[in-house]
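All remarks here apply to the structure that follows.
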2 protein chains.
Amino acid sequence: MEQIDKYLREHDIKPSLQRIAIMEYLQSHKTHPTADEIFNALYPSIPTLSKTTVYNTLKIFVEHNAALCLTIDDKTAHFDGDTSFHAHFFCLGCGCIYDIPIADISNVLKTEIDDLTITETHIYYKGYCKKCLEEKLKKQKEIN
Amino acid sequence: MEQIDKYLREHDIKPSLQRIAIMEYLQSHKTHPTADEIFNALYPSIPTLSKTTVYNTLKIFVEHNAALCLTIDDKTAHFDGDTSFHAHFFCLGCGCIYDIPIADISNVLKTEIDDLTITETHIYYKGYCKKCLEEKLKKQKEIN
DNA sequence: AAAAAATTTGTAATGATTACAAATTTAGAG
DNA sequence: CTCTAAATTTGTAATCATTACAAATTTTTT
């Protein structure tokens, strides 16, 4: 708990009850939750919590580089409390997101391009997890 | 025009007037337009065009690998008629998207991970283009 | 030329996100 | 401490991209 407090301060975010709870959830649930999932998870223990607060807080986290916003899913944004460099896999079937460790590609990825200032680099894989691939193949068989 | 027709057929897409127009627009405008932008651009010349058709058609293109859907912008999906492998830069200020050529990193990027079947790989850079970076710095000065 | 299939269209719904203003909490000055 | 200002949180209402769906149109097949 004290660690979350410290983590927020290190990122120039004043630790409030809500901010601590949301960051605590993000860092202890590596499932890349959506704002809605975070709200539903925390609401029972913080009954005064507002969904707007969750959205506002996540925006602050991202602006202060305390969390990542993943735009891999076109339906909704997902958030990641782990800001270290890694890739993500998004299952087009069930929507789950997995962390994918990645080799050092600093020699391949650019940090500056012409007149463009890079602040974030994302590597996303999309496809199907085992379960969803099987279901997909089963459905295709049924059609044929 | 005949080339678009052929391109669609090669991807098992039956070429209709609307589909040809949308693919023609995608391939001649390398700006990674949104469905809305495509609709507004084509509507004057195809007054019967429906926005639903644009959405449906783009979905078909993506399913048949005739176009890419970019989820780099959390506001709205962008589309790319160039399916060859390249990265994208998204300006957090003005929202423009640039193509970024990328060295061969097939040795770094995975094509199979455990039980996950990869169908797409995306590399996104986010940051600020020259104009937007200047404006951002100017605003920060005004605050301080 | 008629019937079936595919495509397109328009409208209405959905659902994530944001705008905004009121309410509450926290921090600072006296 | 206590009062005031600033920051944060909250709830409601709006926005806006996208989709669902059924009717209309076009294309293909018989």
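Residue numbering restarts at 1 for every chain, and letters A, B, ... go by the order of the sequence lines.
- Along DNA chain C, the nucleotide nearest B:I46 and the nucleotide nearest B:K14 are compared for position; the residue whose nucleotide lies closer to the 5' end is B:K14.
- One atom, CG of A:L58, and another, P of C:dA16, lie 14 Å apart when rounded to the nearest Å.
- Residues B:D82 and B:S84 have side chains that bring a donor and an acceptor to within less than 3.5 angstrom of each other.
- As judged by a 4.0 angstrom heavy-atom cut-off over every strand, A:D36 is placed among residues making no nucleic acid contact.
- Between the CZ atom of B:F79 and the P atom of D:dA17 there is a distance of 13 Å, given to the nearest Å.
- Regarding A:D73, its CG atom lies at a distance of 12 Å from the P atom of D:dT18, rounded to whole Å.
- Distances were taken from every side-chain heavy atom of A:T76 (C-beta onward) to each of D:dT8, D:dT18, C:dT17; the shortest belongs to C:dT17.
- If you check every strand for non-hydrogen atoms under 4.0 Å, A:S16 touches sugar and phosphate atoms only.
- Between A:H88 and A:H32, the ring-plane angle classifies as perpendicular under the 30° and 60° cut-offs.
- Between B:I60 and A:K51, the residue anchored nearer the 5' end of DNA chain C, judged by the nucleotide with its closest heavy atom, is B:I60.
- Among the heavy atoms of the strands, none lies under 4.0 Å from B:D74.
- Using a 4.0 Å heavy-atom criterion, one finds that A:T34 contacts no nucleic acid atom at all.
- Residue B:Q18 places at least one side-chain N or O closer than 4.0 Å to OP1 or OP2 of C:dT9.
- For B:Y55 and D:dT18, the shortest distance from a side-chain N or O to OP1 or OP2 is below 4.0 Å.
- Here the C1' atom of nucleotide C:dT11 and the CG atom of B:L49 are 16 Å apart, to the nearest Å.
- Across all strands shown, A:T53 has heavy atoms under 4.0 Å from base atoms, whether or not it also approaches the sugar-phosphate.
- As rounded to whole Å, 11 Å separates atom P of D:dT10 from atom CZ of A:R19.
- Across all strands, A:T52 comes closer than 4.0 Å to base atoms (heavy-atom distances).
- No side-chain heavy atom of B:I123 sits less than 4.5 Å from a side-chain heavy atom of B:I100.
- In this structure, B:H78 places its NE2 atom 9 Å from P of D:dT18, rounding to the nearest Å.
- Here B:D99 does not pair with B:K30 in a salt bridge; the nearest charged N to carboxylate O distance is not below 4.0 Å.
- The listed nucleotides are C:dA16, C:dT8, D:dT18; the one nearest the side chain of B:A77 is D:dT18.
- The shortest distance between side-chain heavy atoms of B:L58 and B:I22 falls below 4.5 Å.
- In the set D:dG11, D:dT8, D:dT19, D:dG11 carries the atom at the smallest distance from any side-chain atom of A:S50.
- In this structure, NZ of B:K59 is placed 15 Å from P of C:dT8, rounded to the nearest angstrom.
- Position along DNA chain D of the nearest nucleotide to A:N56 versus B:A35 favours A:N56 as the more 5'-ward residue.
- Relative orientation of the B:H11 and B:Y7 rings is tilted, given thresholds of 30° and 60° on the angle between their planes.
- For B:I20 and D:dT27, the CD1 to P distance is 11 Å, given to the nearest whole Å.
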